[in-house]
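Throughout, residue positions are numbered sequentially from 1 according to the sequence presented.
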Amino acid sequence: MKTKNFLLTGALLIVALFSVNGVMAAEPIATQSNAKVSIIIDDILSIQVLTPEVKLIYDDPNDFTAGVSEEMGEHLLINATRSFDLKVFTLSPFTKEGGTTIEGSTIEISAKASNGSYGNTVTLNANAANEGAQSLFDSPQEAGFGLKYDVNYLHQFSDANTAINTATGVYKADVTYQITAS
């Protein structure tokens, strides 16, 4: 029995030595570590129509010969990390319920930075965006955030007879503003 205890004690002692040796040979626990941090700056080109409903109202006899206009202050909000072109177009004529239309080319639009002067006055084209988009400025606009633009809408019939003979009612179309990097 003493031999058995002696062998058992010896075996435990050998296992303990290997365990202690293994712990002592292990790598020390790290006290710091690094992370690679990247700063990624993406292009931002966003546009928002702040007042999406524009009404050009013919309610006076003079309107039918002179036309009507509406100045929309701070109508567009733009955020851009680079200079940009501001364009406008429509994909369809102005249509009244029942199908009667007024051509988009009877609308003129001009825009200006809320603290600047007006750029080009463009006549709407009812073409596809790439073919009919018209630039509202001769040169690219400066990058910035929270840029606000005033927009003036003018509708005028080609002549008094056309104005008088156009059916009364509400004619609607979507006018699309587009910014592209320049």
Side-chain angles (χ1 to χ4, degrees), residues 43-182:
D43 275 339
I44 294 174
L45 285 173
S46 70
I47 187 167
Q48 180 182 1
V49 178
L50 296 175
T51 45
E53 189 171 338
V54 179
K55 293 181 180 180
L56 300 170
I57 301 171
Y58 283 83
D59 62 358
D60 182 275
N62 291 329
D63 294 343
F64 290 88
T65 54
V68 294
S69 66
E70 183 68 32
E71 169 93 21
M72 303 297 291
E74 296 186 349
H75 189 50
L76 306 175
L77 174 65
I78 294 175
N79 293 302
T81 55
R82 60 173 43 202
S83 60
F84 60 91
D85 293 320
L86 177 59
K87 298 179 179 185
V88 64
F89 63 93
T90 184
L91 295 175
S92 64
F94 291 78
T95 306
K96 178 181 124 162
E97 194 172 306
T100 307
T101 62
I102 296 174
E103 288 303 313
S105 61
T106 61
I107 297 278
E108 291 183 349
I109 295 177
S110 54
K112 69 174 183 169
S114 292
N115 58 357
S117 58
Y118 276 102
N120 299 327
T121 297
V122 300
T123 302
L124 283 181
N125 284 339
N127 294 328
N130 292 335
E131 298 169 18
Q134 302 219 23
S135 182
L136 289 167
F137 295 95
D138 286 329
S139 60
Q141 297 298 288
E142 295 296 319
F145 296 110
L147 302 174
K148 293 183 180 174
Y149 284 81
D150 301 340
V151 176
N152 187 59
Y153 294 85
L154 169 67
H155 179 264
Q156 190 171 18
F157 287 103
S158 58
D159 57 61
N161 284 337
T162 303
I164 291 170
N165 292 319
T166 300
T168 60
V170 178
Y171 294 79
K172 295 180 179 182
D174 288 331
V175 173
T176 302
Y177 291 91
Q178 175 185 58
I179 59 172
T180 55
S182 57

All heavy atoms of Ala173 vs all of Pro93, minimum pair found to be CB-O, 3.7 Å
Would you please test Tyr171 and Thr100 for side chain to side chain contact (heavy atoms under 4.5 Å, CB included) and show each step?
CA-CA 8 Å; Tyr171 294 79; Thr100 307; 3.5 Å; yes
Heavy-atom nearest pair, Ser105 first then Thr123, reads O-CG2, 3.0 Å
Original post:
Are the side chain of Thr90 and the backbone N or O of Asp174 linked by a donor-acceptor pair below 3.5 Å?
Top reply: yes
d(Ser46 OG, Ile179 CD1) to nearest 0.5 Å is 6.0 Å
Separation between OG (Ser110) and NZ (Lys112), nearest 0.5 Å, reads 9.5 Å
_Note, Thr81 side chain near Phe145 side chain (heavy atom, < 4.5 Å)_ = yes
Separation between CG (Asp150) and CD (Glu71), nearest 0.5 Å, reads 5.5 Å
So do Phe94 and Leu124 actually touch side chain to side chain, heavy atoms under 4.5 Å?
yes
Quick check: do Tyr177 and Val151 have side-chain heavy atoms less than 4.5 Å from each other? yes
One should read off an interatomic distance between Leu154 CG and Ile107 CD1, to the nearest 0.5 angstrom, of 7.5 Å
When you measure from the side chain of Asn120 to the backbone N and O of Val122, does any donor-acceptor pair fall under 3.5 Å? no
Between Ala163 and Phe64 the two heavy atoms that sit nearest each other are CB-O, 3.5 Å
- Query: Does one side chain, of His75 or Tyr153, offer a donor that lies under 3.5 Å from an acceptor on the other?
  - Reply: yes
Looking only at heavy atoms, the pair that brings Pro140 and Asp85 closest together is CA-OD1, 3.7 Å
So CZ of Arg82 and CG of Asp43: to nearest 0.5 Å the spacing works out to 4.0 Å
Rounding to 0.5 Å, atoms OG1 (Thr51) and CG (Leu76) come to a distance of 8.0 Å
Tightest non-hydrogen contact, residues Gln156 and Ala66, listed as NE2-O, 3.4 Å
Minimal heavy-atom distance between Glu53 and Met72, with the atoms involved, is O-CE, 3.9 Å
Worksheet item: Do Leu86 and Ile47 pass the side chain to side chain contact (heavy atoms under 4.5 Å, CB included) test, and can you show the C-alpha distance, the side-chain angles, and the key distance before you say yes or no?
Response: CA-CA 9 Å; Leu86 177 59; Ile47 187 167; 3.7 Å; yes
Quiz item: Is the shortest heavy-atom distance from the side chain of Phe157 to the side chain of Ile164 under 4.5 Å?
Solution: no
Point to revise | Min side-chain heavy-atom separation Leu136-Val88 under 4.5 Å | key: yes
- Measure from the side-chain N and O atoms of Lys96 to the backbone N and O of Ile102, and report whether any donor-acceptor pair falls under 3.5 Å. no
